[in-house]
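The structure appears right after this line, and notes come after that.
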Amino acid sequence: YKFPLLQFFAGAMVPTSIPEETVPEVAFVGRSNVGKSSLINALAESSTVRTSDKPGLTQQLNFYSVGRLFNIVDMPGYGFAFVDEEKRLAWRELMETYMTKRSTLKMVYVTIDARHGLKVGDKDFLAMLDKNRVPFQVVLTKCDLIILPTLARRYMMVLDDVNNYRHARKEVALVSSRTQSGVNQLRKEILKTVGN
Ligand code: GTP
Ligand code: MG
């Protein structure tokens with residue numbers, strides 16, 4: 001499986017700058033530094049999306065067109081320590097407006113560091129998605145950084161948690177952007193999700 005060319009076309013820091021609805025869309029969200037941007041690059045075999053070892057790099061909704069067939073949206077990480085309350089509220093409004101009102105949004109991929117599993121903040125986020133009937137799937141990232149028995153245990157625990165949400169896909173993807181493991185499988189699922 002292969003994605004057509006990934007191209008940045010819009011960034012939104014406020015709800016009014018979100019581009020109009022056109023093609024189907026999938027979005028990547030999760031804590032700062034879990035590897036969202038790296039995963040998008042791995043999926044698209046690109047280096048278009050900026051990544052960093054410093055948390056909080058992605059500060060706006062970044063819209064990428066994938067060969068004009070569908071869009072991938074890279075979202076700023078949640079759980080990033082905002083300097084002020086005003087910024088935190090603005091972030092929340094942007095994310096919630098986007099995710100709850102976007103009719104072209106087919107799936108939200110919630111990325112979780114495989115070493116950490118689901119934390120309270122992640123569960124709050126999943127609950128928010130579920131309440132708003134947003135379809136989502138959990139993706140465990142950086143799977144290269146833990147040994148297999150631990151990964152297997154983490155996978156079972158997360159799958160168990162995911163079963164509690166009505167709008168969750170009852171599957172958990174395991175990926176590593178570093179080794180590419182699981183990336184092709186996820187690529188296939190995304191193509192299916194956007195109807196290709
Ligand atoms: P924010 O934009 O700050 O929310 O971060 P992000 O979730 O987009 O993370 P990003 O892709 O920028 O990656 C953060 C760090 O994790 C970088 O140093 C990456 O090189 C590293 N990283 C990303 N994916 C993997 C992976 O699969 N394995 C390993 N070992 N490191 C990874
Ligand atoms: Mg990022």
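Just follow the structure's listing: the first ligand is 1, and inside any ligand the first atom is 1.
- Listed by number with element, the atoms of ligand 1 under 4.0 Å from a non-hydrogen atom of V34 are 7 (O).
- The shortest N or O to N or O distance between V175 and ligand 1 is not under 3.5 Å.
- Side-chain N or O atoms of K170 include one that pairs as donor or acceptor with a backbone N or O of Y165 at under 3.5 Å.
- Residue-ligand proximity, G77 to ligand 1, at heavy-atom distances under 4.0 Å covers atoms 4 (O).
- Note on V73: it does not cluster hydrophobically with V14, by side-chain heavy-atom contacts below 4.5 Å among ILVMFWY residues.
- Distances below 4.0 Å separate heavy atoms of G35 from the following atoms of ligand 1: 6 (P), 7 (O), 9 (O), 10 (P), 11 (O), 13 (O), 23 (C).
- In the vicinity of S176, heavy-atom distances shorter than 4.0 Å reach the ligand 1 atoms 27 (O).
- Ligand-side atoms of ligand 1 in range of L145: 30 (N), range being under 4.0 angstrom from any heavy atom.
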Side chains of residues 133-148: which donor-acceptor pairs under 3.5 Å do they make with residues two or more places apart or in other chains?
unit_1: Q137; atom_1: OE1; unit_2: R169; atom_2: NH1; d: 2.8
unit_1: T141; atom_1: OG1; unit_2: V34; atom_2: O; d: 2.7
unit_1: T141; atom_1: OG1; unit_2: I112; atom_2: O; d: 3.4
unit_1: K142; atom_1: NZ; unit_2: N33; atom_2: O; d: 2.8
unit_1: D144; atom_1: OD1; unit_2: S176; atom_2: OG; d: 2.8

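- Residue D74 places no N or O, backbone or side chain, under 3.5 Å from any N or O of ligand 1.
- Within ligand 1, counting atoms from 1 as listed, the ones closer than 4.0 Å to a heavy atom of D144 are 26 (C), 27 (O), 28 (N), 29 (C), 30 (N).
- The 12-atom threshold is exceeded at CZ of F9, counting heavy atoms of other residues, nucleotides or ligands nearer than 6.0 Å.
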Test side chain to side chain contact (heavy atoms under 4.5 Å, CB included) on L61 and I18 and set out the steps. CA-CA 8 Å; L61 295 182; I18 294 173; 4.2 Å; yes
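- Of the candidates V29, V49, N33, it is N33 that places a heavy atom closest to atom 5 (O) of ligand 1.
- Of all atoms in ligand 1, numbered sequentially from 1 with element shown, those under 4.0 Å from a heavy atom of S38 are 10 (P), 11 (O), 13 (O), 19 (C), 23 (C), 24 (N).
- Within the 2.8 Å limit, S38 places no N, O or S atom next to the Mg ion (ligand 2).
- Aromatic ring centroids of Y64 and F28 lie 6.0 Å or more apart.
- Taking every non-hydrogen atom of R178 and a distance limit under 4.0 Å, the qualifying atoms of ligand 1 come out as 20 (O), 26 (C), 27 (O), 28 (N), 29 (C), 30 (N), 31 (N).
- In this structure a side-chain-to-backbone donor-acceptor pair under 3.5 Å is missing from K101 to E96.
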I'd like to know whether K192 forms a salt bridge (Lys or Arg N to Asp or Glu O under 4.0 Å) with E189, so could you lay out the CA-CA distance, the side-chain angles of the two residues, the decisive distance to 0.1 Å, and finally the verdict. CA-CA 5 Å; K192 201 167 145 201; E189 281 169 20; over 6 Å; no
